[in-house]
Chemist: 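What follows is a structure written as structure tokens; I'll ask about it next.
Predicted, not measured: the structure shown is a model, and the values here were computed from it.
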Amino acid sequence: MSPNISTAPANTITVRGTGFAMSAPDKATVYIPLEARADNAAAVYENVSKVAQQVVPEISSAAPTARISTASIALNADVQWIDNSSVLAGYISNVTVTATDVPLTGVSQVLSAVVRAGGDSARIGGIEYFSSSVGDVLSQAREEAFEDALRKAEQLAGLAQKTLGGVVRIIEDVEPSSPTPFARESKTAASYSADMPVLGGELTHSVDLQIEFELL
């Protein structure tokens, strides 16, 4: 017996339908890398730890409802290539603090707080936006995707001189929302002196349906 036996009707047609919907973000995740340099590993680790101790309370004060976590900690030798040879120039330590569930209206205050508390050791790693209404938005996109697939199937069935029957199988693929990225800055965060305008824009959500219909 062949292992590839299908239980689906012999006469079927499979089409894809795509639906899109927009939502306005109301929350964000803010990525905050902190960096310190020193001549020895112990000193650089202590320095970046002090910066983190200063920054974290300021984030909590600027966004009391945010959830704060340490995403990563790194300690590395700073090896530079000088006169055709590698030279140990010191050590670099990085800590990335992540603040999630930050209200969109509070993102600017969080960034300014990080700048003030972290000084030249602070960096702005990026912002990712989210919408609390994503469930309703995906429902709209799903309906649009089904209607799109149905139109295609009806047209193809007519071209084949067949009658479109019932749905045999549906496979859904939900694409992640496309957040508007916050511009990354190569300069130190301390170069900013006022609250940065943060505009969430809109998020695009898409649903892709692969639907198999019976042909009569």
Side-chain angles (χ1 to χ4, degrees), residues 21-76 78 90-138 141 174-206:
M22 308 292 290
S23 70
D26 52 11
K27 292 185 178 180
T29 296
V30 184
Y31 300 95
I32 305 157
L34 307 172
E35 180 181 278
R37 296 171 181 265
D39 293 335
N40 60 80
V44 75
Y45 189 77
E46 181 180 359
N47 291 345
V48 80
S49 298
K50 289 180 178 178
V51 174
Q53 291 169 9
Q54 296 168 352
V55 167
V56 169
E58 293 299 322
I59 298 174
S60 297
S61 178
T65 61
R67 294 183 292 112
I68 304 173
S69 62
T70 303
S72 64
I73 301 176
L75 174 62
N76 299 290
D78 181 14
Y91 292 84
I92 303 174
S93 186
N94 304 90
V95 174
T96 299
V97 177
T98 301
T100 60
D101 288 337
V102 178
L104 191 62
T105 55
V107 174
S108 294
Q109 289 78 8
V110 168
L111 298 180
S112 294
V114 169
V115 169
R116 291 192 299 268
D120 288 341
S121 295
R123 305 289 186 270
I124 298 174
I127 301 175
E128 189 172 1
Y129 299 103
F130 301 93
S131 173
S132 299
S133 61
V134 64
D136 295 337
V137 169
L138 287 179
V174 177
E175 291 293 329
S177 59
S178 303
T180 304
F182 185 81
R184 296 173 183 263
E185 179 58 67
S186 61
K187 298 181 292 183
T188 62
S191 63
Y192 300 112
S193 58
D195 286 348
M196 175 69 68
V198 176
L199 306 175
E202 289 186 314
L203 301 177
T204 302
H205 310 268
S206 67

Chemist: Should we say atom CG of Asp39 is surrounded by more than 12 heavy atoms from elsewhere, each under 6.0 Å from it?
Modeler: no

Chemist: My understanding is that only residues two or more places apart in sequence, or in another chain, count here; which of them pass side-chain hydrogen bond (donor to acceptor under 3.5 Å, both in side chains) with Ser132?
Modeler: Asp26

Chemist: Give the minimum heavy-atom separation between Val44 and Ala36, together with the two atoms involved.
Modeler: CG2-O, 3.0 Å

Chemist: Any side-chain heavy-atom pair from Val137 and Leu203 closer than 4.5 angstrom?
Modeler: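 No, too far: nothing below the 4.5 Å cut-off.
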
Chemist: Less than 4.5 Å apart, any side-chain heavy atom of Ile73 and any of Tyr45?
Modeler: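 Yes, side chains in contact.
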
Chemist: Does Asp136 have any salt bridge (Lys or Arg N to Asp or Glu O under 4.0 Å) partners at least two apart in sequence or in another chain, and if so, which?
Modeler: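 Result, salt bridge (Lys or Arg N to Asp or Glu O under 4.0 Å) vs Asp136: none returned.
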
Chemist: Using the side-chain hydrogen bond (donor to acceptor under 3.5 Å, both in side chains) criterion, which residues pair with Ser133? Sequence neighbours excluded.
Modeler: Ser131

Chemist: Output yes when a side-chain donor or acceptor of Ser93 lies under 3.5 Å from a complementary backbone atom of Ala74, and no otherwise.
Modeler: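 Between the backbone of Ala74 and the side chain of Ser93 there is a qualifying donor-acceptor contact (under 3.5 Å).
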
Chemist: Do the side chain of Ser121 and the main chain of Glu35 share a donor and acceptor less than 3.5 angstrom apart?
Modeler: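 It does hold such a pair.
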
Chemist: Can you see which heavy atom on Leu34 is nearest to which on Ala122, and at what distance?
Modeler: CD2-CA, 3.9 Å

Chemist: I want to check something: taking the side chain as every heavy atom from C-beta on, are Val134 and Ser23 in contact at a cut-off of under 4.5 Å?
Modeler: no

Chemist: Enter the distance from Thr65:OG1 to Lys27:NZ here, rounded to the nearest 0.5 Å.
Modeler: 7.0 Å

Chemist: How many angstroms lie between OG1 in Thr29 and CZ in Phe130, if you round to the nearest 0.5 Å?
Modeler: 4.0 Å

Chemist: Looking at every non-hydrogen atom in both residues, tell me the closest pair between Val102 and Ala66 and how far apart they are.
Modeler: CG2-CB, 3.8 Å

Chemist: Arg67: which residues meet the salt bridge (Lys or Arg N to Asp or Glu O under 4.0 Å) condition with it, sequence neighbours left out?
Modeler: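 So Arg67 forms a salt bridge (Lys or Arg N to Asp or Glu O under 4.0 Å) with Asp101.
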
Chemist: Under the side-chain contact (heavy atoms from CB on, under 4.5 Å) rule, what do Ile127 and Leu111 come out as? Steps first, then yes or no, please.
Modeler: CA-CA 10 Å; Ile127 301 175; Leu111 298 180; 4.2 Å; yes

Chemist: Are Met22 and Thr204 close enough, and set up right, to give a side-chain contact (heavy atoms from CB on, under 4.5 Å), and what steps lead you there?
Modeler: CA-CA 5 Å; Met22 308 292 290; Thr204 302; 3.4 Å; yes

Chemist: First locate atom CZ of Arg123, then atom CD1 of Ile32, and finally report the distance between them rounded to the nearest 0.5 Å.
Modeler: 13.0 Å

Chemist: Search all heavy atoms of Ala41 against all heavy atoms of Tyr91 and return the closest pair with its distance.
Modeler: N-CD1, 3.6 Å

Chemist: Mind jotting down which residue pairs meet the side chain to side chain donor-acceptor pair (under 3.5 Å) criterion with at least one end in residues 48-60? Sequence neighbours excluded, please.
Modeler: Glu46-Lys50

Chemist: Suppose we screen for side-chain hydrogen bond (donor to acceptor under 3.5 Å, both in side chains). Which residues come up paired with Thr98, at least two apart in sequence or across chains?
Modeler: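 Per chain and number, Thr98 pairs via side-chain hydrogen bond (donor to acceptor under 3.5 Å, both in side chains) with no residue.
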
Chemist: Heavy atoms only: give me the nearest Arg37-Asp78 pair and the separation to one decimal.
Modeler: NH1-OD2, 3.1 Å

Chemist: Show the numbers, then the answer: is there a side-chain contact (heavy atoms from CB on, under 4.5 Å) between Val114 and Ile59?
Modeler: CA-CA 7 Å; Val114 169; Ile59 298 174; 3.9 Å; yes

